[in-house]
Amino acid sequence: MTCVHVITHDNRALYEEAIQQFYRLRHQIFVEERGWGGLRRPDGLDVDDYDNEHAIYLLAIDADRVVGGQRLYPTLLPHMISEVFPHLVQSGIPQAADIFEWTRYFVVKERRTGRTDCRLLAAMQEFCLEKGLSEVTAVVEMWWLPRWQQTGFKVRPLGLPQIIEGQPCIAAAIEISAVSLEHVRKLAGLRGASLVRQVTPSPSVQRVPHAAA
Ligand code: A1S
């Protein structure tokens with residue numbers, strides 16, 4: 001059964017293998033499949049400046065295998081829109097404690113039937129609602145707009161589309177709402193929460209008693 005796991009700096013140690021799979025899949029999908037040559041690395045891993053302690057990963061995992069993923073990053077820190085794509089924004093880059101940037105979204109080829117995609121979209125909305133976020137921002141190719149409309153997401157363009165690597169792209173903000181979450185859940189026939197969190201045991205649980213040391 002596929003579940004979407006929340007991975008942050010606090011529980012990352014429990015997910016090192018999944019994170020490595022995520023980096024490898026990102027390289028396979030974004031560099032080899034999508035042709036984003038600027039991300040190519042000799043080690044076959046897509047890792048960038050935003051894969052740091054502030055990144056939050058929501059990974060769809062089935063029997064230890066990563067089948068899809070996405071990354072959220074605080075907009076109060078320098079992020080992709082502020083550092084790489086500021087020219088896509090005409091009316092001020094949204095930067096606030098309750099706005100995160102959304103990047104590196106994918107589903108592995110064998111799972112591209114829409115259901116894992118909806119699971120990931122629902123997980124993103126669910127996580128953001130739990131965390132009290134109001135919006136996520138993203139830079140996307142234009143074909144995302146009808147997809148988001150279909151999933152009931154409310155989208156606010158941040159500027160006019162521009163060509164990036166031959167593709168018309170746009171920066172946009174997506175509203176986080178219980179209505180959007182319900183809509184995407186219904187679309188995929190998902191019932192209830194889809195997020196899983198493994199928690200690193202607290203130091204008191206890990207501590208070895210002196211007598212046994
Ligand atoms: C940044 C993203 C942010 C959100 C963070 O009938 P079809 O096959 O034409 O239906 C397709 C198309 O309408 C459209 N579509 C998908 N990829 C497209 C592309 N490269 N160019 C134009 N249109 C595209 O979506 C429909 C369904 O796609 P699918 O692949 O058959 O199935 P699914 O399960 O909905 O998966 C969609 C995604 C995008 C997740 C999957 O294709 C994928 O992982 N692609 C590679 C990663 C990627 O491009 N991510 C977006 C940039 S990150």
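Everything numeric here is computed off the predicted structure, so don't read it as measured data. Read the numbers this way: they start at 1 and go in the same order the structure lists the ligands and their atoms.
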Participant: Decide ring-ring contact (aromatic ring centres under 6.0 Å, His included) for Phe106 and Phe22; before the verdict, give the C-alpha distance in whole Å, the side-chain angles of both, and the deciding distance to 0.1 Å.
Facilitator: CA-CA 10 Å; Phe106 73 84; Phe22 180 55; 5.7 Å; yes
Participant: With heavy atoms under 4.0 Å as the rule, classify the contact between Thr116 and ligand 1 as side chain, backbone, both or neither.
Facilitator: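 The answer is neither; Thr116 stays 4.0 Å or more away.
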Participant: For a quick test of reading the model, state the closest non-hydrogen atom pair linking Ile19 to Arg12 and the distance between them.
Facilitator: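 Residues Ile19 and Arg12, closest heavy atoms: CG2-NH2, 3.3 Å.
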Participant: Would you check the N or O atoms of Glu141, main chain and side chain alike, for any that come under 3.5 Å of an N or O of ligand 1?
Facilitator: no
Participant: Would atom 53 (S) of ligand 1 count as contacted, meaning some protein heavy atom under 4.0 Å?
Facilitator: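 Yes; the ligand atom in question has protein heavy-atom contact below 4.0 Å.
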Participant: Could you check atom 46 (C) of ligand 1 against the protein and tell me its nearest heavy-atom contact, residue, atom and distance included?
Facilitator: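 That would be Ile29 CG2, 3.5 Å.
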Participant: May I ask you to list the atoms of ligand 1 that are less than 4.0 angstrom from any heavy atom of Arg34?
Facilitator: 20 (N), 48 (C), 49 (O)
Participant: Which pair of heavy atoms, one from Cys118 and one from Val184, lies closest together, and at what distance?
Facilitator: O-CG2, 3.9 Å
Participant: Please identify which atoms of ligand 1 are closer than 4.0 Å to at least one heavy atom of Asp117.
Facilitator: 34 (O), 35 (O), 40 (C)
Participant: When you measure from atom 50 (N) of ligand 1 to every protein heavy atom, which one gives the shortest distance, and what is it?
Facilitator: Tyr105 O, 2.9 Å
Participant: Would you say atom 27 (C) of ligand 1 has a protein heavy atom nearer than 4.0 Å?
Facilitator: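 When distances to the protein are checked, atom 27 (C) of ligand 1 has a heavy atom within 4.0 Å.
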Participant: Is atom 11 (C) of ligand 1 in close reach of the protein, with a heavy atom under 4.0 Å away?
Facilitator: no
Participant: For Val140, counting its heavy atoms only, list the atoms of ligand 1 lying under 4.0 Å from any of them.
Facilitator: 2 (C), 3 (C)
Participant: Of all the non-hydrogen atoms in the protein, which one sits nearest to atom 44 (O) of ligand 1, and at what distance?
Facilitator: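 It is Val107 N, 2.8 Å.
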Participant: Would you say atom 20 (N) of ligand 1 makes contact with the protein, given that contact here means a non-hydrogen protein atom less than 4.0 Å away?
Facilitator: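 Flag for atom 20 (N) of ligand 1 set to true, protein heavy atom closer than 4.0 Å.
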Participant: What about Leu129 and Ile99, same hydrophobic cluster or not, with Ile/Leu/Val/Met/Phe/Trp/Tyr joined at side-chain heavy-atom distances under 4.5 Å?
Facilitator: no
Participant: Name the option, out of Trp148, Phe153, Trp102, that contains the heavy atom nearest to atom 5 (C) of ligand 1.
Facilitator: Trp102
Participant: Please find the pair of heavy atoms, one from Gly152 and one from Ser180, that lie closest to each other, and give the distance.
Facilitator: O-OG, 3.3 Å
Participant: Given Trp144, Phe30, Trp143, which has its nearest heavy atom closest to atom 15 (N) of ligand 1?
Facilitator: Trp143
Participant: Find out whether Thr75 and Ile93 are in side-chain contact, i.e. whether some heavy atom of one side chain is under 4.5 Å from a heavy atom of the other.
Facilitator: no
Participant: Which atoms form the tightest heavy-atom contact between Asp62 and Met1, and what is the distance?
Facilitator: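 Nearest pair, atom of Asp62 first, then Met1: OD1-N, 3.3 Å.
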Participant: Atoms of ligand 1 less than 4.0 Å from Trp36 heavy atoms?
Facilitator: 52 (C)
Participant: For ligand 1, which atoms sit closer than 4.0 Å to a heavy atom of Thr113?
Facilitator: 34 (O)
Participant: Do the side chains of Tyr15 and Leu58 join up, straight or via other hydrophobic residues, at under 4.5 Å, putting them in one cluster?
Facilitator: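 Hydrophobic grouping puts Tyr15 apart from Leu58.
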Participant: Check this for me: His87, atom NE2, are more than 12 non-hydrogen atoms of other residues, nucleotides or ligands nearer than 6.0 Å?
Facilitator: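 Yes, enclosed.
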Participant: Under 3.5 Å, is there a donor-acceptor pair linking the side chains of Trp36 and Glu165?
Facilitator: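 Side chains of Trp36 and Glu165: no pair found under 3.5 Å.
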Participant: Out of Met124, Arg112, Arg147, who gets a non-hydrogen atom closest to atom 37 (C) of ligand 1?
Facilitator: Arg147
Participant: Does the pair Arg26 and Asp51 meet the rule for a salt bridge (charged side-chain N to carboxylate O under 4.0 Å, His left out), with working shown?
Facilitator: CA-CA 12 Å; Arg26 276 167 40 179; Asp51 289 303; 2.7 Å; yes
Participant: If we count only non-hydrogen protein atoms and require a distance under 4.0 Å, does atom 23 (N) of ligand 1 qualify as touching the protein?
Facilitator: yes
Participant: Phe106 heavy atoms, cut-off 4.0 Å: which ligand 1 atoms fall inside?
Facilitator: 44 (O), 47 (C)
Participant: I'd like to know if atom 7 (P) of ligand 1 has any protein heavy atom within a distance of less than 4.0 Å.
Facilitator: no
Participant: Write out the residue and atom name of the closest protein heavy atom to atom 34 (O) of ligand 1, then the distance separating them to 0.1 Å.
Facilitator: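 Minimum-distance protein heavy atom for atom 34 (O) of ligand 1 reads Gly114 N, 3.0 Å.
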Participant: Would you confirm whether His54, through its side chain, and Asn52, through its main-chain N or O, come within 3.5 Å as a donor-acceptor pair?
Facilitator: no
Participant: Is it true that Arg185 and Glu126 make a salt bridge, defined as a side-chain N closer than 4.0 Å to a carboxylate O?
Facilitator: yes
